[in-house]
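Reading through the structure tokens given below for one structure.
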Amino acid sequence: MNSLFCCQIASAGFFAVIFFADTLKKHLPNRRTIFFQLFLCFMMLSSVFAIFADLGRMYGEPGKLHEVIYGTFLFLQLITCLMLHCYILSVDYRLHFRLSVDSVAGWRAMGGCFFLLIASVMLLSSPWTHLCFYTNDSGLIARTPAFWGVNLILLGMFLYDIGVVWLRCLKFSMRKRMMCMLLVVDFIAMLVAELFRMPGTSFFKVATLFFAYMFYLSLQSPDFFVDNATGTFNRNGFFEIFQERLSYGKETSCLIIRVRNYQAMNQIYGGEVLRKVQRRIAGLLVEKCGKGGVFHIGSSTFAIISKSREGTLALYEKLKEMLPQNWVLKNQVVNQEYSFYEITYPLDGEDFEELVQRIHYARSDHESVHKSGELVHLRSDEMEKSDEKREVASLVEEAIMDDSIELHFQPIFSFAMGRITSLEVLARLKDRNRKYINPEFFIHVAEENHTIIQLGEQIFRKACIFASYNHIFDYGIEDININLSPAQCRYEHLTEDFVRIANQYGIPMEKMHLEITESEFTDKDAVSRTLARLKETGAKVALDDFGTGNSTLSNILELPVDFVKIDKSLVWSFAEGKNQFLNDLMPMIKAEGKKIIAEGIESPDHIDIIKKLQGDYLQGYYYSRPLPEKEFLRFLAKFNKKGKDGKEKASSDIKEALG
Ligand code: C2E
Ligand code: CA
Ligand code: CA
């Protein structure tokens, strides 16, 4: 046994150990990893066949068997070369499999396949055809020009790889590029040494493997992609797979699942308990989607990659039902909610960086913006909308903390009294550019956020302070209309709080009129309970925005309301002759013993109409827009002193009042 042969055995053993050790690790199911493992595998196999070939040469009879083994060895080496080539190209996502006649890459791929097929046939058939090698008279294997031709082409392939690495993989650091170059150069050296039967073949072989492994680990070791807490892949793994799929132009859809209130749970129950929660969710997801597709991309966030949007939508339907609604944590049942996000390439965008931005968005907290259980499509306009919502949500929170919500007041004119007897309190909030935000928008955000409870209380208190500080009832005002959001009605202590605040500023609850808007989403029970309780304290209730489609006549009958506010749209369309509803509606409401306030009064015509229909109160820009405190008081003083007959005199009064 010569020393070269010992080296062959040692290197084959070494490859086997490396290959099996690497197989035991958890691997990302991407091209790069797959080709690296195939490379290791074929390197090992070709080493084993190299031993057989050597054994045959040393001890066997020259003959067919020896040639078959040698041919197989050459074939395996060809495949090893190919795997290394594929691995190098896949590192930078340049390994396209598309066979087509209309692209350069397609032609190249077809040419490659053709060459591979011919070379394989030539090598494997050589024991019979002697195309690549034959046994010469001295019993040794000799190579034909065709053999050298095949190897020359392989050499060209590796030179091409070197070019690719050097010119294209610019995102790699210099160290990585050098390592990759060394790998290829060393591989070439190994081939050359073997072809010319020079000493040192085994040395180059081991060195090749060494460089390959170093390069592979320097890119990222398998551990880099694995999340130890759950055993699934982590964020790095997710982005690696995502980027690879995008680079190859494959349709890719992600479902992102976020456990809500995770921060709070973490603070209450501690990290260890929550890791159990993570493990259980991961287990459930893996059960549903298989190990390769589940990624733990943030402490409370999981992602699942599907091949199409339909797959993601179907998965969402399943998971929505399947994920547990409660956890038992430290003997306490904790209600659990989830947020779901969806994004699909190329449907929602083709730019990797932008899609990643949106995925990062889904990883952070947007509980205030998105409802629990709902699937949010991460389109760019959705993102802008929710960014805006988030901004407004934080402005609302700041206003609550700083007690800085502003109030404007809009007068309400009474036909019976011929003066302003009431006012509506309207909340105002400015954005960072000191511009007013649409109140409907910030109120809606506060409702979704549940900050409406504190905001509503602040508005109520400020309205009481305004009334008491300015002795508003001395101006002829009889009551104050304050908007009440249905979301506030879910708060149990609302009535007590309002009574306490009104008492504190000496405002009788009888003066307080609460305007409520019905919608399809309102919790009807909570609203009627709260309104009943408010009425017990003496407060009055108005049904707001009547005629906007959400409220019906049955609301008026069901709810204990004293006033009905006819929405401006109904007044305007009636005035334009577009409908006749008010003709029937107003008498019906009056027959129920409710008073009517008409909104959106902008012209004397509107006043006439409501007067004919026997409405009781008028509110609108004809009298005044909602005004800040000082202006409102000035307006009120002038109007109520002079205006005895609203219609005729109001107009001139207003002009005068507003100067
Ligand atoms: P709303 O309760 O129906 O308030 C009446 C809205 O109609 C006000 O808009 C007012 O400026 C507007 N308006 C009054 N007269 C006229 C008119 O003649 N012509 C026209 N074109 N508009 C008129 P604003 O102030 O923008 O408020 C919008 C909505 O925001 C309110 O509708 C209410 O739902 C909500 N909101 C405002 N402040 C509060 C609040 O303090 N609490 C709650 N819960 N909601 C509020
Ligand atoms: Ca209102
Ligand atoms: Ca209204």
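Atoms within a ligand are numbered from 1 in the order they appear, just like the ligands themselves.
Between the side chains of Asn470 and Glu629, a donor-acceptor pair is found at a separation under 3.5 Å. Judged purely by distance below 3.5 Å, without hydrogens or angles, the side chains of Ser569 and Asp567 pair a donor atom with an acceptor atom. For the residue pair Glu447/Ser485, the side-chain donor-acceptor check at 3.5 Å is satisfied.
Listing protein N, O or S atoms at distances below 3.0 Å from the Ca ion (ligand 2), with waters left out, gives Glu424 OE2, Asn483 OD1, Glu515 OE1, Asp544 OD2.
Checking Phe635, Phe632, Tyr436, Phe466 one by one against His408, the ring pair (Phe, Tyr, Trp, His ring centres under 6.0 Å) holds for a single residue, Tyr436.
For the pair Asp545 (side chain) and Thr517 (backbone), a donor-acceptor distance under 3.5 Å is absent.
Note: His513 and Phe563 have tilted aromatic rings, judged against thresholds of 30 and 60 degrees for the angle between ring planes.
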Report all N/O contacts between ligand 1 and the protein shorter than 3.5 Å as a table of atom names and distances to 0.1 Å; if there are none, say 'none'.
residue  : atom   : partner : partner atom : Å
ligand 1 : 2 (O)  : Glu424  : OE2          : 3.1
ligand 1 : 2 (O)  : Asn483  : OD1          : 3.1
ligand 1 : 2 (O)  : Asp544  : OD2          : 2.9
ligand 1 : 3 (O)  : Asp545  : OD1          : 3.0
ligand 1 : 7 (O)  : Lys568  : NZ           : 2.8
ligand 1 : 15 (N) : Gln410  : NE2          : 3.0
ligand 1 : 18 (O) : Tyr621  : N            : 2.8
ligand 1 : 19 (N) : Glu602  : OE2          : 2.6
ligand 1 : 21 (N) : Glu602  : OE2          : 3.3
ligand 1 : 22 (N) : Tyr621  : OH           : 3.3
ligand 1 : 25 (O) : Arg428  : NH1          : 3.1
ligand 1 : 25 (O) : Arg428  : NH2          : 2.8
ligand 1 : 38 (N) : Ala427  : N            : 3.0

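With a 6.0 Å radius and a threshold of 12 heavy atoms from other residues, nucleotides or ligands, Arg500 has its CZ atom above the threshold.
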Determine whether His606 and Tyr622 satisfy the following criterion, ring-ring contact (aromatic ring centres under 6.0 Å, His included), listing intermediate values before the conclusion.
CA-CA 9 Å; His606 292 154; Tyr622 181 77; 8.9 Å; no
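Ring pair Phe242/Phe295: centre-to-centre distance not below 6.0 Å.
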